[in-house]
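Structure first, commentary second.
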Amino acid sequence: MKHDLNPRQLSAVKHITGPCLILAGAGSGKTRVITQKIAYLIKECGIEARHIAAVTFTNKAAREMKTRVSSLLDKQQAKGLRVSTFHTLGLDIIRRELSTLGYQPGFSIYDSSDSTALIRELMKQAFADPGNIAEQMLWQISRWKSAFVQPEQAMQQANGNAQLTAAAALYEKYNHHLKTYNAVDFDDLIMLPVLLFRTHPDVLERWQNRLRHLLVDEYQDTNATQYELVKQIVGVRGNLTVVGDDDQSIYAWRGAQPENLFQLKEDFPQLEIIKLEQNYRSTGRILKVANTLISNNPHEFAKRLWSDLGFGDPVRVVRTRDEEHEAEQVISELNHHRFVHRGPLCDYAILYRGNHQSRVFERMLREHDIPYYLSGGISFFAYSEIKDIMAYLRLLSNPDDDNAFLRIVNTPRREIGPGSVEKLANYATERGHSLFVAARELGLASHLGPRAYKQLEHFTGWISELAHQCENGEPIEVVKRLISDIDYERWLTDSNKDESQATRKMNNVLELVNWLQRMHKGSPDAPLSDLVAKLTLIDTLDNGEDEDKGNRVQLMTLHAAKGLEFNNVYLVGMEEDLLPHRTSIEEETVEEERRLAYVGITRAKKNLTMSFAVKRKRYGEVIDCAHSRFIDELPEDDLHWAGIGVQINREEAQERGQTHLANLKNMLTAGNG
DNA sequence: AGAGTGAACCTTTTT
DNA sequence: GGTTCACTCT
């Protein structure tokens with residue numbers, strides 16, 4: 001078998017029975033190991049592809065892995081192979097075991113904005129003003145779900161704490177409502193299968209038999225519930241391959257437990273541990289800088305990355321006046337570099353901590369006519385026009401989805417105002433029916449004005465008709481008819497002042513239809529609800545085939561950059577309160593921020609530039625900034641300072657910031673007294 | 001019912 | 001600085 005594997009990688013590939021932990025440093029070829037191992041299992045060990053599952057965290061990673069595996073196998077061999085995200089795996093389990101779980105076909109998946117809307121609704125009933133607490137509540141519930149804590153346990157754990165008790169009560173209520181809406185949220189996609197497997201050993205056995213070899217990528221990102229699912233599926237057979245790097249754990253904030261890496265030792269005593277320490281990506285200098293930084297964090301296993309790609313150039317550190325100047329410097333540096341080296345634009349990446357930081361760079365790039373590609377930011381599915389259409393599609397396959405109903409019952413306007421909707425809701429709760437079902441009942445007529453009743457009747461009749469049409473095939477035709485029936489294009493032009501805005505929105509809608517069409521071609525027998533469910537799990541609609549995507553500067557957050565590599569990396573906004581983010585400093589989770597910086601540094605193959613600003617606008621006010629403590633942790637000899645002024649140390653700048661703060665405080669106390 | 005105006009909040013990172 | 005939410009006026 002043809003391979004370009006070093007001895008350690010090879011032993012990881014050939015370890016096929018029993019549990020195996022691969023500690024893979026940045027750039028050590030972990031994806032290569034996983035893909036080669038899948039190919040090895042199929043080609044050399046004669047294991048059927050349908051018994052193998054590889055699980056990743058992002059769609060992007062899954063996509064990438066799929067293409068790389070399929071280049072190693074022919075179509076027949078790869079048939080039935082599962083490469084998916086955790087959430088898609090969970091979705092498939094739920095879909096196959098629907099009746100055991102007590103859900104109806106066509107169930108809805110709620111994304112976080114749907115869930116927030118539901119929470120807000122539920123809180124309105126109990127409290128007066130939900131404000132922005134709804135999101136915090138949802139966050140807490142999500143933490144519980146990812147720690148596999150059920151509502152009753154949450155209530156116990158709250159132990160009288162008012163805030164937590166309220167959240168736990170809400171958790172219970174929220175779950176209950178999701179169930180009656182025939183809906184699940186993101187966390188349920190993992191949690192429900194675990195619950196199911198606990199209570200139904202026969203079902204679990206079926207799945208264990210189906211998924212005999214499990215490979216998990218980015219294992220340090222798993223939460224407790226996901227680990228539970230892994231353990232259940234692997235069972236006594238124990239054919240588990242796990243790849244991870246504790247230094248790249250950057251998702252603890254949403255419940256990931258990097259300890260899961262070390263927990264494996266306890267849970268699987270026969271665990272084979274293989275370390276991959278040769279880096280095939282970066283220059284020696286970049287690795288040295290990265291290693292030095294991360295050595296400030298405590299480590300369970302010592303790991304030393306090395307590379308034989310030459311020592312390379314120093315890391316540049318650029319000091320700038322403000323965020324505007326920073327963008328200017330970075331772009332002109334980039335331009336200059338490109339002029340000298342003549343590389344493609346996609347070799348350049350600008351990485352930052354928070355999405356909002358992209359703004360200045362976007363503007364500057366546009367001014368210089370440099371094409372860029374922004375990944376992340378607002379998801380396609382957050383657009384109101386997409387949410388509208390998705391709500392229609394959800395209601396079409398799941399009449400119990402009250403949230404979808406509420407969103408679109410009067411969008412576009414049907415003269416069914418809040419008053420009528422509230423009366424309908426009261427009636428529905430009384431009868432224990434969903435809004436849609438209640439709206440179809442004759443008894444409702446006496447509770448509502450004749451006009452509103454007639455409109456509702458018309459609306460539900462029309463939806464039912466479309467749903468019926470959907471069942472006898474051609475879901476795409478139904479979607480198209482739906483959009484033209486509601487004359488959505490007209491609604492967009494009426495409700496948007498700006499003509500171009502309206503056409504842009506309509507184009508988004510058409511894009512959505514295109515996607516549905518493509519998915520429908522891929523699996524012609526899947527009902528519309530399946531297509532909608534899959535769509536909900538996709539973050540963005542940009543397909544890999546975008547024409548000039550290959551030649552644009554890449555802009556993304558550090559989180560989004562994980563797993564990628566670029567010849568030239570600009571790590572911008574290297575400032576206290578920004579790269580160790582302020583809340584992380586307050587919550588004493590700076591170690592995770594350090595790993596974030598580490599991830600950023602190790603994305604670079606040849607060239608790394610860090611930049612920071614001395615002043616920066618925040619909430620419209622200019623504030624002093626100190627450069628990141630992480631810069632001080634780097635080996636001085638490998639840094640090349642540039643930019644304005646002489647080099648000043650961090651303490652000095654910080655002192656300035658503190659006197660500023662003290663002045664403010666004085667002003668406040670003076671004002672009070 | 002819907003549009004238009006102010007106030008308050010905010011910015012971590014995502015399936 | 002920008003967005004979202006609630007209130008008020010037409």
Side-chain angles (χ1 to χ4, degrees), chain A residues 55-62 84-91 109-113 115-116 120 128-136 138-139 142 145-146 184-191 218 221-223 225-226 249-256 323 351-360 363 375-379 381-382 384 410-421 452 494-497 533-540 556-562 573 577-587 589-590 592-593 595-597 599-600 616-622:
Chain A
V55 180
T56 64
F57 276 84
T58 63
N59 295 298
K60 198 163 50 176
S84 75
T85 63
F86 260 106
H87 294 267
T88 307
L89 173 64
L91 172 63
I109 299 174
Y110 278 22
D111 69 16
S112 36
S113 72
S115 295
T116 313
R120 203 164 277 154
D129 173 35
N132 54 352
I133 305 177
E135 266 160 26
Q136 288 172 39
L138 179 64
W139 191 78
S142 173
K145 286 191 177 185
S146 36
V184 300
D185 67 14
F186 277 148
D187 301 309
D188 285 341
L189 291 174
I190 318 289
M191 200 182 69
E218 305 281 14
D221 291 338
T222 50
N223 61 38
T225 310
Q226 284 160 338
S249 158
I250 52 176
Y251 285 106
W253 55 273
R254 67 163 198 212
E323 74 274 3
L351 308 181
Y352 37 80
R353 175 69 235 261
N355 274 313
H356 64 281
Q357 289 172 261
S358 70
R359 266 211 161 76
V360 210
R363 209 184 59 219
S375 81
I378 339 151
S379 134
F381 291 90
S384 63
N410 205 28
T411 307
R413 304 275 167 247
R414 297 192 174 82
E415 296 173 297
I416 306 173
S420 310
V421 171
D494 285 354
S495 54
N496 290 279
K497 283 183 193 162
K534 281 244 169 76
L535 265 185
T536 310
L537 292 186
I538 295 176
D539 44 344
T540 153
M556 67 190 84
T557 64
L558 289 164
H559 284 87
K562 192 164 73 155
D577 288 2
L578 215 51
L579 190 37
H581 194 271
R582 185 150 112 241
T583 46
S584 302
I585 297 171
E586 280 160 11
E587 288 162 19
T589 54
V590 176
E592 178 146 312
E593 300 289 304
R595 290 192 291 266
L596 213 37
V599 166
R616 186 179 288 274
K617 243 191 210 164
R618 196 150 201 186
Y619 306 132
E621 203 196 357
V622 178

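Just so it is clear: chains get the letters A, B, ... in the order the sequence lines come, proteins before strands, and each one is counted from 1.
The CD atom of A:Gln357 sits 15 Å away from the C1' atom of C:dG1 (whole-angstrom rounding). Note: CH2 (A:Trp253) to P (B:dT13) measures 8 Å, nearest angstrom. Atom pair A:Leu578:CG and B:dT13:C1' shows a separation of 12 Å (rounding to whole Å applied). Rounding to whole angstrom units, CD of residue A:Glu587 and C1' of B:dT13 are separated by 12 Å. Remark: P of B:dT15 and CG of A:Asp188 are 18 Å apart, rounded to the nearest angstrom. In this structure, the NZ atom of A:Lys617 is 16 Å from the C1' atom of B:dT11, given to the nearest Å. Distance A:Glu218 CD to B:dT13 C1': 15 Å, rounded to the nearest Å. For the pair A:Leu138 CG and B:dT14 C1', the computed distance is 13 Å after rounding to whole Å.
Contact check, A:Asn355 against B:dT14: a side-chain N or O comes under 4.0 Å of OP1 or OP2. Not one side-chain nitrogen or oxygen of A:Asn59 sits closer than 4.0 Å to the OP1 or OP2 atom of B:dT15.
A salt bridge does not link A:Glu621 to A:Lys617: none of the charged side-chain nitrogens sits closer than 4.0 Å to a carboxylate oxygen. A salt bridge does not link A:Arg359 to A:Glu323: none of the charged nitrogens lies less than 4.0 Å from a carboxylate oxygen.
Residue-level contact check: A:Leu89 touches neither bases nor backbone, having no heavy atom under 4.0 Å from any strand. Among the heavy atoms of the strands lying under 4.0 Å from A:Phe57 are primed sugar atoms or P, OP1, OP2 only; no base atom is included. Here A:Tyr251 lies in heavy-atom contact (under 4.0 Å) with sugar-phosphate atoms only. Using a 4.0 Å heavy-atom cutoff across all strands shown, A:Thr583 reaches at least one base atom of the nucleic acid.
With B:dT14, C:dG1, C:dG2 as the choices, the nucleotide that has an atom nearest any side-chain atom of A:Arg359 turns out to be C:dG2. If you check B:dT11, B:dT15, B:dT13 against the side chain of A:Tyr619, the one that comes closest is B:dT11. Here B:dA1 is the nucleotide among B:dA1, B:dT15, B:dT11 with the atom lying nearest to any side-chain atom of A:Arg413. Each of B:dT11, B:dT13, B:dT15 was ranked by its minimum atom distance to the side chain of A:Phe186; first place goes to B:dT15.
Looking at residues two or more places apart in sequence or on another chain, you find no salt bridge (Lys or Arg N to Asp or Glu O under 4.0 Å) involving A:Glu587. Residues satisfying the side chain to side chain contact (heavy atoms under 4.5 Å, CB included) test with A:Glu593, not counting sequence neighbours, are A:Arg353, A:Leu579, A:Pro580, A:His581, A:Ser584, A:Leu596, A:Phe630.
Along DNA chain B, the nucleotide nearest to A:Thr557 and the one nearest to A:Ser420 differ in position, and the one closer to the 5' end is contacted by A:Ser420.
Aromatic ring centres of A:His87 and A:Phe57: separated by at least 6.0 Å.
Separation of the P atoms belonging to B:dT13 and C:dT4 is 15 Å when rounded to the nearest angstrom.
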